[in-house]
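Quick notes on the structure that follows.
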Amino acid sequence: MTGLKINHVSYSYGSRKALDDVTFSVVGGRFCALFGPNGAGKSTLFALLTRLLVTGEGHIRVAGFDIARDPRAALARIGVVFQQPTLDLDMTVRRNLRYFAGLHGLSGRSAALAIEAALEQLGMADRADEQVRALNGGHRRRMEIARALMHDPEILLLDEPTVGLDAASRQAITDHVHLLAERGLAVLWATHLVDEIRPADQVVVLHRGKVLSDGSAEHLAGAQGLAKAFLSMTAEGREVPA
Amino acid sequence: MKAWLIALFAIITRENLRFVRQRGRFLAALVRPLVWLIVFAAGFRAALGVSIIPPYQTYITYEVYILPGLCGMIQLFNGMQSSLSLVYDQEMGSMRLLLTSPLPRWWLLLSKLLAGVIVSILQVAVFLAIAALAGITVPPVGYIAVLPALLASGLMLGALGLLVSSTVRQLENFAGVMNFVIFPMFFLSSALYPLWKMAESSPLLRDICALNPFTYAVELIRFALYGELNLMALAWVSICFVLFMLAALWGYDPARAMLRSKG
């Protein structure tokens, strides 16, 4: 099976349960928004999906590979954009991309092709030899997305990728990743901002480590709209920015 | 296997580029041992006589005695510097990029370790060249023979740094590492005084020095600089490397939480 399948996954930090029996799937060609307020368990789930953490409870399958049994095959099919930037600011754009290519076993001609494709996608071929420090926040984020696609993954994970960006950059990145999903990628996009979600998107609502809802944004919004629907589900008066 | 070597090369290239870029770090790495060699050794020369002990064939000056210890000092500081950069990487997120690469975690960490060792060997090479210009030399064969010794001692001290980085989660806590790891390891070793000299003032101190892995790193380097192999030192350094590395891998095991505060 292509895509991502999360089956009855739980995880605890000591006595505190961060994820409780989480189950959902994202198929290829689908943009899935993992929606939840701060502390919902989104980053913990991302850490499990990228094997920064492991759990004995439940199963995660990436493009058909069980991440516990075959972590290397699973990781090879995932592209990740972490919430925190992971670029070397003092290295050039090209050098950053080359380092990532090396970590994924790409060298020589295959690395050069992947780097050129990433630069073209970014529209930054002319800035390839500039230091990343010289790029603005939006460009750095786009660069991280392009980098995450260099090894041709089937699944793209993005953990609140628009944090700290201005409205125009947020819009551009959200549009760009929706387009990637339309081209066949399975996208899991963690967010707590409803304006990043489109009516046709799949939305998984995570709250206090539990999946409260899994369905289309349109269906979830109903007549009241997404923001109110989320507020009523996550209660406690938490703010859901519109 | 090809992918493993490509990743190793990528990691080594990145570490070396970072090092070259950080000129302050390079200067500090050289100035520290040079101050010891030129300033302290000159002062101690009169106070400390060094008798003929292996691998030396004759009476030597204090500068000649501490040369291997200062090579070890460079590697010790470099190991801790690499450890600091790992903690920085963890805080800045680039460690996640490394650990989500589709290669075994032990290989990624070993690659990171090897990259640091290569940087430390470059530092030692420059230091030995400056020492030679100042007239403090070893037999020509020593400059070649010391390379595998530096690799072994660098791996051991780098693995110690890796272990420290798996336990220190915040940069602010790193000053403690300097106080509790670097200084005791350096001063309670044979880097500055031979163990028999230490025993004259305190047999207990001598015993502590004899248990300190850094003592064996220094002795391995000392003998290699004279084209000799100190098997006992090699055995200690190898055993400590394996122990530190296993403990570090345990520290970086994803089954143990790397990210404790996220939700």
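Proteins get letters first, then strands, A, B, ... in listed order; numbering begins at 1 in each.
Heavy atoms closer than 4.5 Å to chain A are found in both the backbone and the side chain of B:Ile11. The part of B:Thr13 that comes within reach of chain A is its side chain, from C-beta onward, which places non-hydrogen atoms under 4.5 angstrom from that chain. Looking at A:Phe46, neither its backbone nor its side chain comes within 4.5 Å of chain B, counting heavy atoms on both sides. In this structure, chain A has heavy atoms under 4.5 Å from both the backbone and the side chain of B:Arg14. No part of B:Leu8 comes within reach of chain A, as not one of its non-hydrogen atoms sits under 4.5 angstrom from that chain.
For residues 103-119 of chain A, heavy-atom neighbours of chain B at less than 4.5 Å comprise A:Leu103, A:His104, A:Gly105, A:Leu106, A:Ser107, sorted by residue number. Among residues 115-122 of chain B, no residue has any heavy atom closer than 4.5 Å to a heavy atom of chain A.
The distance from the CD atom of A:Gln83 to the CZ atom of B:Arg96 is 8.5 Å, given to the nearest 0.5 Å.
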Can you give me every donor-acceptor pair (side chain of residues 68-82 of chain A, partner residue at least two apart or in another chain, under 3.5 Å) with its distance?
unit_1  : atom_1 : unit_2   : atom_2 : d
A:Arg72 : NE     : B:Pro102 : O      : 3.4
A:Arg77 : NH1    : A:Ala73  : O      : 2.8

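Every residue two or more places apart in sequence or in another chain that forms a salt bridge (Lys or Arg N to Asp or Glu O under 4.0 Å) with A:Arg133 is listed here: A:Asp90.
Crowding of B:Phe187 atom CZ: a count of heavy atoms from other residues, nucleotides or ligands under 6.0 Å exceeding 12.
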